[in-house]
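Below, each value reflects all heavy atoms present in this structure, side chains not excepted, and no hydrogens, waters or symmetry copies. Order of the sequence lines sets the chain letters (A, B, ...), proteins ahead of strands, with each chain counted from 1.
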2 protein chains.
Amino acid sequence: MPGSTNFLTKNKSVILYGIFLAILLLLLKWLELRFIIINHAFEIYAGSIAVIFTVLGIWLALKLTKPKTILIEKEVFTEKPETFVFNEKEMIRLNISKRELEVLQLMSEGLSNQEIATKLFVSLNTIKTHIARLFEKLEVKRRTQAVEMSKKLSLIP
Amino acid sequence: MPGSTNFLTKNKSVILYGIFLAILLLLLKWLELRFIIINHAFEIYAGSIAVIFTVLGIWLALKLTKPKTILIEKEVFTEKPETFVFNEKEMIRLNISKRELEVLQLMSEGLSNQEIATKLFVSLNTIKTHIARLFEKLEVKRRTQAVEMSKKLSLIP
DNA sequence: TAGAAAATCACCCTAAAGTATGAAGCCAAA
DNA sequence: TTTGGCTTCATACTTTAGGGTGATTTTCTA
């Protein structure tokens with residue numbers, strides 16, 4: 001059911017209907033006393049009344065049932081996407097290079113510095129340098145914090 | 001607009017309306033020829049026709065506009081729940097104690113062993129022991145792996 | 001209440017992580 | 001072409017993490 005604004009419209013329509021009905025009756029009475037309908041052509045008179053008031057009834061009903069349209073909100077719950085979207089803006093903002101990100105990803109997988117070095121065909125010292133820079137840029141002190149931070153920043157899944 | 005079933009109802013109503021109108025006219029004609037209304041009490045006659053056909057019109061309109069209700073589906077995207085449900089079964093299965101879980105949580109927050117020890121008012125060695133046991137139970141070799149594993153097992157958020 | 005499990009702590013040692021500094025090669029942009 | 005950023009590597013050092021063993025105390029349970 002719609003709000004209370006319906007009552008105003010409803011009353012308005014009823015009043016208008018009443019006024020229109022009164023005018024119509026007066027008109028008919030006037031017509032009766034004049035030329036068209038006196039005693040004959042009674043069927044035409046009754047028929048016209050029937051037609052007019054039917055139309056009036058339909059109009060009234062339509063007017064009253066105007067806000068009849070019912071909006072049914074159906075909530076559709078969406079699954080959490082689980083699709084990782086890489087936050088490139090953060091990477092740019094923190095000035096993290098591609099190689100550093102690569103090291104970060106392997107670090108987040110639990111690999112040791114030596115394992116990362118072997119995997120990337122570079123020396124252990126190189127990895128240490130990368131990681132040291134990453135800690136600066138991510139403003140952390142330990143690799144566990146780095147992983148936590150970079151996950152929060154959507155740099156890694 | 002709803003489906004084609006509306007048309008059947010519509011036609012049905014129109015036919016019924018027509019039949020009812022015809023019957024009513026015959027009834028009025030019959031009444032006219034009999035006792036009540038002959039020449040006088042004309043207003044009652046016209047008024048009753050008006051009322052009857054108004055009601056009829058309203059009824060007809062309501063009947064026709066019955067399937068006017070519109071269903072609107074509104075998709076509501078929910079925030080990803082983020083509600084962490086602790087996996088107690090895994091904790092029991094891996095035989096992880098409360099204290100160990102506590103240490104695990106602090107470890108996942110990036111705290112060092114010394115920081116954890118200070119926070120829990122115990123010695124560094126105690127924390128080392130807890131963590132060593134955790135590594136055994138989680139079957140990992142490093143704390144980064146431990147955090148990753150325990151997140152996968154829903155032991156920590 | 002005795003025994004098991006959990007929690008605590010210590011000592012020693014090695015491995016890994018992290019810090020600091022310096023430097024060389026490469027490559028794209030000014 | 002030169003400058004600056006990226007990548008690479010090295011050396012030296014400190015700190016932290018991790019492994020192994022043993023022991024004491026507390027807490028819970030059969």
Side-chain angles (χ1 to χ4, degrees), chain A residues 86-153 155-156, chain B residues 86-153 155-156:
Chain A
F86 174 66
N87 192 345
E88 199 177 353
K89 289 180 183 176
E90 277 298 329
M91 184 181 164
I92 293 168
R93 187 179 73 82
L94 297 174
N95 200 25
I96 294 173
S97 70
K98 292 171 194 172
R99 198 59 160 174
E100 285 164 355
L101 186 69
E102 207 170 352
V103 172
L104 189 59
Q105 285 168 334
L106 294 173
M107 195 169 70
S108 74
E109 292 171 18
L111 274 69
S112 67
N113 291 348
Q114 184 57 64
E115 287 170 336
I116 296 170
T118 306
K119 201 156 195 168
L120 297 180
F121 302 104
V122 292
S123 78
L124 175 61
N125 289 307
T126 305
I127 298 304
K128 282 188 177 184
T129 308
H130 284 316
I131 287 178
R133 288 201 207 287
L134 275 170
F135 288 175
E136 279 178 41
K137 292 173 181 177
L138 292 171
E139 294 176 294
V140 294
K141 290 202 170 295
R142 276 174 288 280
R143 50 173 53 214
T144 44
Q145 291 179 341
V147 171
E148 204 196 7
M149 178 63 79
S150 52
K151 281 192 177 186
K152 192 181 288 178
L153 298 176
L155 294 172
I156 53 172
Chain B
F86 174 65
N87 192 346
E88 199 178 351
K89 290 179 182 177
E90 277 298 327
M91 183 181 165
I92 293 167
R93 188 179 72 83
L94 297 174
N95 200 27
I96 294 172
S97 70
K98 293 173 192 171
R99 198 59 160 174
E100 284 164 354
L101 186 69
E102 207 170 350
V103 172
L104 188 59
Q105 287 168 333
L106 295 173
M107 193 169 70
S108 74
E109 291 171 18
L111 275 67
S112 68
N113 291 347
Q114 185 56 65
E115 287 170 335
I116 296 170
T118 306
K119 201 155 197 169
L120 298 181
F121 302 105
V122 292
S123 77
L124 175 60
N125 290 307
T126 305
I127 299 303
K128 283 189 176 182
T129 309
H130 283 317
I131 286 179
R133 293 239 163 82
L134 276 170
F135 289 174
E136 281 178 40
K137 292 173 182 178
L138 292 171
E139 294 176 294
V140 295
K141 291 203 169 294
R142 274 175 291 278
R143 50 174 53 216
T144 45
Q145 291 177 341
V147 171
E148 204 196 8
M149 176 64 79
S150 53
K151 280 193 177 184
K152 191 180 290 179
L153 297 176
L155 293 172
I156 53 172

A:Arg99 side chain N/O closer than 4.0 Å to the phosphate oxygens (OP1, OP2) of D:dT8?
yes
B:Leu138 atom CG is separated from D:dG18 atom C1', nearest whole Å, by 15 Å
Rounded to whole angstroms, how far apart are CG on A:Asn125 and P on C:dA20?
16 Å
A:Arg99/A:Glu102 salt bridge by N-O under 4.0 Å criterion
yes
So, are A:Glu115 and B:Arg142 salt-bridged, with charged N and O less than 4.0 Å apart?
yes
Rounded to whole Å, please give me the gap between CE in A:Met91 and C1' in D:dG5.
13 Å
Residue pair B:Leu104 / B:Ser150: nearest heavy atoms and the distance that separates them
CD2-CB, 3.5 Å
Are side-chain heavy atoms of A:Met107 and A:Ile156 found at a separation under 4.5 Å?
no
Distance, rounded to the nearest Å, where B:Ile116 contributes CD1 and D:dT16 contributes P:
13 Å
Please classify the nucleic acid contact of A:Thr126 as base, sugar-phosphate, or nothing, using heavy-atom distances under 4.0 Å.
base
So, does B:His130 get its side chain near the phosphate of C:dT8, meaning an N or O under 4.0 Å from OP1 or OP2?
yes
Out of C:dA16, D:dA17, C:dT8, minimum distance to the side chain of B:Arg133 belongs to C:dT8
Output the rounded distance in Å from CG (A:Leu120) to C1' (D:dT7).
12 Å
Residue whose nearest DNA chain C nucleotide is more 5′ - B:Ser97 or A:Arg143:
B:Ser97
Atom-to-atom span, CD1 of A:Ile127 to C1' of D:dC6 - whole angstrom
14 Å
Look at A:Asn113 and C:dA16 and indicate whether a side-chain polar atom (N or O) is within less than 4.0 Å of OP1 or OP2.
no
State which of C:dG18, C:dT8, D:dT11 makes the closest approach to the side chain of A:Arg142.
C:dG18
Of B:Phe121 and B:Asn95, whose nearest nucleotide on DNA chain C comes first from the 5' end?
B:Asn95
With respect to A:Asn113, which candidate in A:Leu106, A:Val103, A:Ile127, A:Thr118 satisfies the side-chain contact (heavy atoms from CB on, under 4.5 Å) definition?
A:Ile127
Side chain of A:Thr129 (C-beta onward), nearest among D:dT8, C:dT8, C:dA7:
D:dT8
Please report, rounded to the nearest Å, how far the P atom of C:dA6 is from the CD1 atom of B:Ile92.
12 Å
Side-chain contact check for B:Ser123: nearest option of D:dT16, D:dT7, C:dC9 is C:dC9
Interatomic distance, B:Leu134 CG vs C:dA6 C1' [rounded to whole Å]
13 Å
